[in-house]
Protein chains: 2
Amino acid sequence: MFTIDMQSRIPVFEQIVIQTEEFIRAGILNPGDKLPSVRELTAMIGVNPNTISKAYGELERRGLTVSVTGKGCFIAKNISDVLKTAAEKKIPEFEKLAKELIDSGITKDELIRRVNSLVSQ
Amino acid sequence: MFTIDMQSRIPVFEQIVIQTEEFIRAGILNPGDKLPSVRELTAMIGVNPNTISKAYGELERRGLTVSVTGKGCFIAKNISDVLKTAAEKKIPEFEKLAKELIDSGITKDELIRRVNSLVSQ
DNA sequence: AAACTGTACTATCTGTCATAGTACAGTTAT
DNA sequence: ATAACTGTACTATGACAGATAGTACAGTTT
């Protein structure tokens with residue numbers, strides 16, 4: 001499930017957060033679904049329990065999951081709203097990247113063609 | 001000219017690299033132009049000379065500048081080609097971000113509209 | 001009661017970033 | 001030539017984030 005690159009400059013706990021988000025967007029993880037327990041993920045990935053705990057704490061802080069001591073870590077019920085809101089905050093980043101590419105010699109048409117070619121689920 | 005945020009999680013030397021790139025794309029810095037000397041930038045920004053040197057080394061490594069001991073650090077002559085090549089390598093990143101937004105509930109049309117609204121120089 | 005859940009805490013190690021200080025090789029202007 | 005400038009290299013040091021190790025605790029499930 002999770003693929004961690006220990007050589008990456010992106011912290012392990014952040015890689016877990018990012019990949020969890022991706023699984024949600026891909027429909028692999030759905031509202032109410034239970035994530036692996038801290039100790040399970042520890043065994044699966046081969047990192048320290050504290051690192052997993054840090055990732056789960058960050059996921060909850062972002063509203064993507066709800067953690068309950070004794071039960072587990074679950075995908076939030078209102079996950080689609082949370083994703084939408086988070087995505088809207090990323091639009092400036094999208095525009096900045098698009099402008100960077102355009103200013104570097106890539107045409108608008110090329111970018112638009114790329115967007116249209118994307119396969120949405 | 002340069003605006004450094006010491007609180008940012010982005011290293012200072014990388015902020016210098018990023019902003020130099022932006023100045024080039026904006027037409028503020030052009031091929032052959034001389035960047036401030038290491039010691040000038042040290043005084044302007046208020047950081048260690050080693051930090052500036054590290055930024056200049058990275059800029060040269062990326063082909064954006066050419067440093068000559070005794071003369072200075074200059075914007076590369078073939079800068080537009082370098083920018084174009086670098087931009088092409090970033091297209092997958094652009095597509096990934098676009099797909100993320102689409103999968104989060106933002107429409108393709110909205111993204112395309114945003115791209116079309118960008119003011120290119 | 002046993003086995004599980006998430007969480008909290010201290011201590012320690014590591015790597016990256018930035019600083020401080022010094023030094024050296026090459027260029028420019030006087 | 002000489003002084004003042006250029007980029008670069010090097011060691012040493014401190015600060016910080018990330019990850020680990022170990023232990024402990026509160027709540028849930030069977």
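As a basis for the values below, the full set of heavy atoms in this structure was taken, side chains included, without hydrogen atoms, waters or symmetry mates. Lettering of chains follows the sequences in order, A, B, ..., and the numbering in each one begins at 1. Quantities reported herein were computed from a predicted structural model and do not represent experimental measurements.
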Checklist entry - Stepwise, does the side-chain contact (heavy atoms from CB on, under 4.5 Å) test hold for A/Y56 with A/V38? => result CA-CA 8 Å; A/Y56 280 11; A/V38 169; 4.0 Å; yes
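- Sequence neighbours left out, the pairs with a member in residues 110-120 of chain B that pass salt bridge (Lys or Arg N to Asp or Glu O under 4.0 Å) are A/E95-B/R114, B/E110-B/R113, B/E110-B/R114.
- Around atom NZ of B/K96, no more than 12 heavy atoms belonging to other residues, nucleotides or ligands sit under 6.0 Å away.
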Item to check | A/E88/B/L101 under side-chain contact (heavy atoms from CB on, under 4.5 Å): CA gap, chis, key distance, verdict | outcome: CA-CA 8 Å; A/E88 281 163 353; B/L101 299 188; over 6 Å; no
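- A distance-only check finds a donor-acceptor pair linking the side chain of A/E40 to the backbone of A/S37 [under 3.5 Å].
- Residues from residues 47-59 of chain B that place a heavy atom under 4.0 Å from any atom of DNA chain C, listed by number: B/V47, B/N48, B/N50, B/T51, B/K54.
- In this structure, the side chain to side chain donor-acceptor pair (under 3.5 Å) partners of B/E100, at least two apart in sequence or on a different chain, are A/K90.
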Checklist entry - Does the pair A/T107 and A/I102 meet the rule for a side-chain contact (heavy atoms from CB on, under 4.5 Å), with working shown? => result CA-CA 6 Å; A/T107 64; A/I102 292 170; over 6 Å; no
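- Across the protein-nucleic acid pair, A/F74 atom CZ and C/dT5 atom C1' stand 9 Å apart, rounded to whole Å.
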Item to check | B/L35 vs B/L29, side-chain contact (heavy atoms from CB on, under 4.5 Å): CA-CA, chis, key distance, verdict | outcome: CA-CA 8 Å; B/L35 291 181; B/L29 287 174; 3.6 Å; yes
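- Of the residues in residues 66-73 of chain B, those lying under 4.0 Å from DNA chain D by heavy-atom distance are B/S67, B/V68, B/T69, B/G70, B/K71, B/G72, B/C73.
- In this structure, B/Q19 and B/I4 have side chains that are in contact, with non-hydrogen atoms separated by less than 4.5 Å.
- The shortest side-chain heavy-atom distance between B/I16 and B/I52 falls under the 4.5 Å cut-off.
- Taken residue by residue, residues 4-20 of chain A places heavy atoms nearer than 4.0 Å to DNA chain D at A/P11, A/V12, A/F13.
- The existence of a salt bridge linking A/K54 and A/E58 is excluded, since no basic side-chain nitrogen approaches an acidic carboxylate oxygen closer than 4.0 Å.
- Heavy-atom distances under 4.0 Å link DNA chain D to B/V38, B/R39, B/E40 of residues 38-46 of chain B, given in residue order.
- Checking side-chain atoms of A/K108 against main-chain N and O of B/L118 turns up a donor-acceptor pair under 3.5 Å.
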